[in-house]
**Q** 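Structure incoming, see below.
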Amino acid sequence: MKRIAVLTSGGDAPGMNAAIRAVVRTGLAAGLEVYGVRNGYAGLINGEMERMTARDVGGIIQQAGTMLRSARSREFREEEGRRKAIRKLAERGIDGLVVIGGNGTQTGNYELSKMGFPVVGVASTIDNDLYGTDMSIGVDTALNTVLEAIDRIKATASSHTRAFLVEVMGRDSGYLALTAGITGGAEAVIIPEVEVDPDSVARELLDAYARGKSHAILVVAEGAKLNAASLVKYFQENHAKIGFELRVTVLGHVQRGGTPTAFDRMLGTRLGAAAVDALLAGEHGVLVGWVNNRPQLTPLSEVAGRTRRADPQLYELARVLAR
Ligand code: F6P
């Protein structure tokens, strides 16, 4: 292997830059030429790639986002799009590709590997819903961003005896909501993995009010059937008695920015370096994830198209702790 390329795809995540930096610098240290592909798979199809030097990745480890930029590409989902991508890689003589991203990205990566191109994936998504890793790049920073918001909301909520629905990201997984709920001391957590009855949520709120709580925080995952908007609608239409005055805060893309934590910088660095090692060792068609405190390779065939669910035991713990 002489020449490799790296790209980021799907939702950006804090720590992606640390991973890009590690791929570039460990690649160069191993005597490889390293190319950076702009704009994810869409850029790959268009041949948007440039050779990178160690200086090109200077001063980025502390920055959120991705210096290579990202995109969600429809064309890459079609075989013809992927063929174009492989042609562009061949034109540049690239013989290995590192793909940094989450679920959709690694499913696309698996398709590329099935077409015979040597690829390695790096686990990165704030949703933490990828198989083959305990933690993905960006989760820790996003969680800390959510926590800071919850701490602030609690102060104002307590001053007014209010309940807040705090909606956090997580399209298919409640990991972020659940861990934020536990570590932020929330009164309730609503996640896609567990169906809840809106009347029982109202009863819990009223009960918390009657017990003399000065506030109630409900952390709701955006992907839950009962998300913040539908819960508010239900309460209004059914004149639900909850005791507290109700307010809603949707954190949205704020969660994707934020200075990467030390954990995410280290995780990005370790996974990026391990991805280059894997390519050099001839380990292709794998995801580099973080398992038992070290990088671990899992075949993309076991990762693609699957969603790792939040731990049901943690859900029970969140309920117990909310008393
Ligand atoms: O997958 C990461 C994520 O942030 C999800 O939590 C969220 O549902 C989605 O991306 C938002 O996507 P976009 O940035 O394209 O709006």
Side-chain angles (χ1 to χ4, degrees), residues 7-17 19 38-43 63-77 99-110 121-150 165-181 184 189-193 219-230 248-261 264 267-268 271 287 289-290 300 303-310:
L7 65 81
T8 50
S9 167
D12 60 290
M16 273 184 162
N17 278 329
R38 304 252 166 222
N39 300 316
Y41 290 134
Q63 290 170 5
T66 159
M67 59 93 70
L68 288 175
R69 303 213 183 181
S70 190
R72 300 192 194 272
S73 167
R74 279 184 183 285
E75 204 181 346
F76 192 79
R77 290 195 199 144
V99 175
I100 304 167
N103 249 334
T105 297
Q106 302 307 342
T107 301
N109 201 16
Y110 177 49
V122 170
S124 175
T125 165
I126 68 160
D127 290 359
N128 212 23
D129 58 355
L130 261 174
Y131 262 87
T133 191
D134 294 338
M135 285 292 275
S136 291
I137 295 167
V139 176
D140 187 61
T141 308
L143 183 55
N144 279 289
T145 303
V146 174
L147 270 188
E148 196 182 324
I150 289 177
L165 297 180
V166 182
E167 189 175 285
V168 304
M169 279 186 162
R171 213 174 3 205
D172 304 307
S173 162
Y175 180 90
L176 211 50
L178 197 47
T179 46
V189 175
I190 301 179
I191 57 175
E193 291 85 346
V219 185
V220 186
E222 61 170 341
K225 210 161 149 198
L226 203 58
N227 63 12
S230 51
V248 178
T249 301
V250 177
L251 294 179
H253 288 78
V254 164
Q255 297 158 91
R256 292 238 295 261
T259 303
T261 57
D264 274 328
L267 185 63
L271 299 190
L287 177 83
W290 190 249
L300 281 170
V303 173
R306 296 175 79 184
T307 302
R308 194 162 65 94
R309 300 285 173 179

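Just so you know, ligand 1 is whichever comes first in the structure, and atom 1 is the first atom listed for that ligand.
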**Q** Leu300 versus Gln106: any side-chain heavy-atom pair under 4.5 Å?
**A** yes
**Q** Heavy atom of Gly102 under 4.0 Å from ligand 1?
**A** no
**Q** Give me the residue, atom name and distance of the protein heavy atom closest to atom 9 (C) of ligand 1.
**A** Arg72 NH2, 3.8 Å
**Q** If you count every heavy atom of other residues, nucleotides or ligands that lies below 6.0 Å from Arg69 atom CZ, does the total exceed 12?
**A**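 No, the 6.0 Å shell around CZ holds no more than 12 heavy atoms from other groups.
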**Q** Would you say the side chain of Val303 lies within less than 4.5 Å of the side chain of Leu130, judging by non-hydrogen atoms?
**A**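 Sidechains of Val303 and Leu130: in contact.
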**Q** Do Asp127 and Asn103 have side chains that approach each other closer than 4.5 Å (heavy atoms only, starting at C-beta)?
**A**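 Asp127 vs Asn103: side chains apart.
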**Q** Nearest non-hydrogen atom to atom 10 (O) of ligand 1 belongs to which of Arg256, Glu222, Met169, Gln255?
**A**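 That would be Arg256.
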**Q** Can you tell me the protein heavy atom closest to atom 16 (O) of ligand 1 and the distance?
**A** His253 NE2, 3.2 Å
**Q** Step by step, would you call Leu267 with Asp140 a side-chain contact (heavy atoms from CB on, under 4.5 Å)?
**A** CA-CA 10 Å; Leu267 185 63; Asp140 187 61; over 6 Å; no
**Q** Please write down residue, atom name and distance for the protein heavy atom closest to atom 6 (O) of ligand 1.
**A** Asp127 OD1, 2.6 Å
